[in-house]
Protein chains: 2
Amino acid sequence: MISKKMHKLNPKISTDCVIFGFDEDGLQVLLIERKPIAGPTENKALPGDLIFDDEDLDDAANRVLKELTGLTDIFLEQIGAFGSPERLSKPEDKKWLESVRQYPDERVITIAYYSLVNKNLYQPQASSFAQNAVWVPVEQVEDLAFDHFEILQAALKQLRSKLRTQPIGFNLLPENFVLSDLHKLYESILGRPLDKRNFRRKINKLGIVESLNKKQTGVPHKPSLIYKFNEGNYERLMKEGYDNFGF
Amino acid sequence: MISKKMHKLNPKISTDCVIFGFDEDGLQVLLIERKPIAGPTENKALPGDLIFDDEDLDDAANRVLKELTGLTDIFLEQIGAFGSPERLSKPEDKKWLESVRQYPDERVITIAYYSLVNKNLYQPQASSFAQNAVWVPVEQVEDLAFDHFEILQAALKQLRSKLRTQPIGFNLLPENFVLSDLHKLYESILGRPLDKRNFRRKINKLGIVESLNKKQTGVPHKPSLIYKFNEGNYERLMKEGYDNFGF
């Protein structure tokens with residue numbers, strides 16, 4: 001564990017993390033609540049902070065996420081840099097920065113990361129300047145501190161475009177599942193309904209799932225076939241990707 | 001035009017540009033040659049420099065590209081941030097930084113951008129600390145200053161993954177072309193041969209080209225059908241993207 005005292009903060013570079021969590025309630029995003037200096041509405045932000053001047057960017061993102069929310073062992077993928085000179089200039093954000101930063105007027109460029117995790121496996125614990133760390137349904141997020149809403153939208157876009165070329169779900173669903181669980185996962189990420197038959201046909205064509213030739217028992221509806229992921233095909237497609245073009 | 005004298009440089013953030021150029025000789029990349037302080041072999045670098053402290057990232061990339069190579073009006077897409085604390089520490093790079101930077105020991109994180117242009121339309125003109133600005137075939141690039149080789153690889157990866165979900169070629173080929181021109185473009189970007197029949201079938205299925213029902217004349221081989229892009233379909237697919245999954 002890196003101690004803050006041994007490292008100089010880089011006053012011009014920060015990192016912010018968009019952690020999506022999936023469970024039976026749909027797609028959520030992990031937000032922190034700052035101390036209520038700025039009034040209740042603008043209080044929510046992505047977990048983020050300045051990097052150390054001798055720290056790798058990926059390491060910084062993992063450290064900051066851990067310091068603010070307690071979450072560890074999350075594979076973070078970079079979204080990119082967000083650096084509008086105006087990104088910290090909302091009055092409520094300025095007030096908050098004055099309360100926590102040594103150089104609150106410094107222009108800060110942030111390197112944003114994202115991940116998608118099984119929400120049931122992660123219990124956030126707020127610390128440092130985060131008063132609270134909460135999962136919020138993505139579609140309920142309307143505004144965030146700084147340019148974090150814009151960063152959230154970019155993360156969503158990157159996650160959705162990943163659906164086009166890579167399988168998803170292995171770490172998000174239980175070992176055995178029914179196809180409507182996977183269907184719900186895709187719908188949650190895309191934020192819109194998908195035709196069920198079409199979806200099943202495509203998933204079967206990809207070969208990433210296989211039926212156990214068993215049906216659900218004790219369900220109040222017509223029992224569905226139980227599936228598991230075909231690990232070999234899944235991993236191969238994670239590596240190779242797929243595309244309409246088939247090159 | 002922004003004057004350097006009016007703006008303070010941000011000593012911790014730079015921008016680097018990967019400009020791919022396509023013509024009948026295949027895929028090239030635009031490199032600058034630094035003054036030969038460091039010996040001839042490590043002299044080539046991507047066009048890049050520090051940003052101003054009050055400058056938007058995209059604007060900085062366009063300005064720096066113009067200052068070093070004279071190229072303007074290029075749509076640059078962000079690749080991401082590259083920030084290893086060791087990225088400037090090769091001895092020849094340090095020597096060069098000492099000759100041009102006010103704070104040569106400062107850690108610099110770079111925001112990288114890329115574009116793909118029709119090489120015939122751009123004549124680079126070196127200026128500032130660039131002694132020369134040259135197009136180099138991508139497959140001939142073996143090493144570059146700083147972490148620029150790594151950035152070039154990331155740009156190639158992003159360009160190639162774009163081929164999977166978006167049409168390409170509209171600004172790179174003449175108005176009328178034969179399908180083997182388009183085939184060559186795809187092969188150049190992917191850096192590997194593609195089966196011709198398969199390629200034609202897929203391109204036709206996408207609907208981005210249409211035949212003029214005319215054949216080449218005066219060619220020393222069997223004349224091929226002449227095509228043009230179907231602008232409507234091309235633009236629609238640029239917006240929507242395509243994918244095997246068809247969501």
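Computed from heavy atoms alone, side chains included, the values below leave out hydrogens, waters and symmetry copies.
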Engineer: Please walk me through it: do B/E106 and A/N10 pass side-chain contact (heavy atoms from CB on, under 4.5 Å)?
Structural biologist: CA-CA 11 Å; B/E106 193 69 76; A/N10 183 321; over 6 Å; no

Engineer: Take B/I109 and A/K12, measure what side-chain contact (heavy atoms from CB on, under 4.5 Å) needs, and give me the verdict at the end.
Structural biologist: CA-CA 10 Å; B/I109 286 162; A/K12 288 178 181 288; over 6 Å; no

Engineer: Need one label for B/D53: side chain, backbone, both or neither, based on atoms under 4.5 Å from any heavy atom in chain A.
Structural biologist: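 Answer is both: backbone and side chain atoms of B/D53 are under 4.5 Å from chain A.
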
Engineer: If you draw a 6.0 Å radius around CD in B/E24, do more than 12 non-hydrogen atoms from other residues or ligands fall strictly inside?
Structural biologist: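 Yes.
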
Engineer: Counting heavy-atom pairs under 4.5 Å to chain B, which of A/G83, A/S84, A/G80, A/P85 comes out on top?
Structural biologist: A/P85

Engineer: Is it the case that over 12 heavy atoms from other parts of the model lie below 6.0 angstrom from the NZ atom of A/K94?
Structural biologist: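 Counting neighbours around NZ of A/K94, more than 12 heavy atoms of other residues, nucleotides or ligands fall under 6.0 Å, so yes.
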
Engineer: Need one label for A/D56: side chain, backbone, both or neither, based on atoms under 4.5 Å from any heavy atom in chain B.
Structural biologist: both

Engineer: Indicate yes or no: at least one non-hydrogen side-chain atom of A/R107 is less than 4.5 angstrom from one of B/I13.
Structural biologist: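 Result no, sub-4.5 Å side-chain heavy-atom pair not found.
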
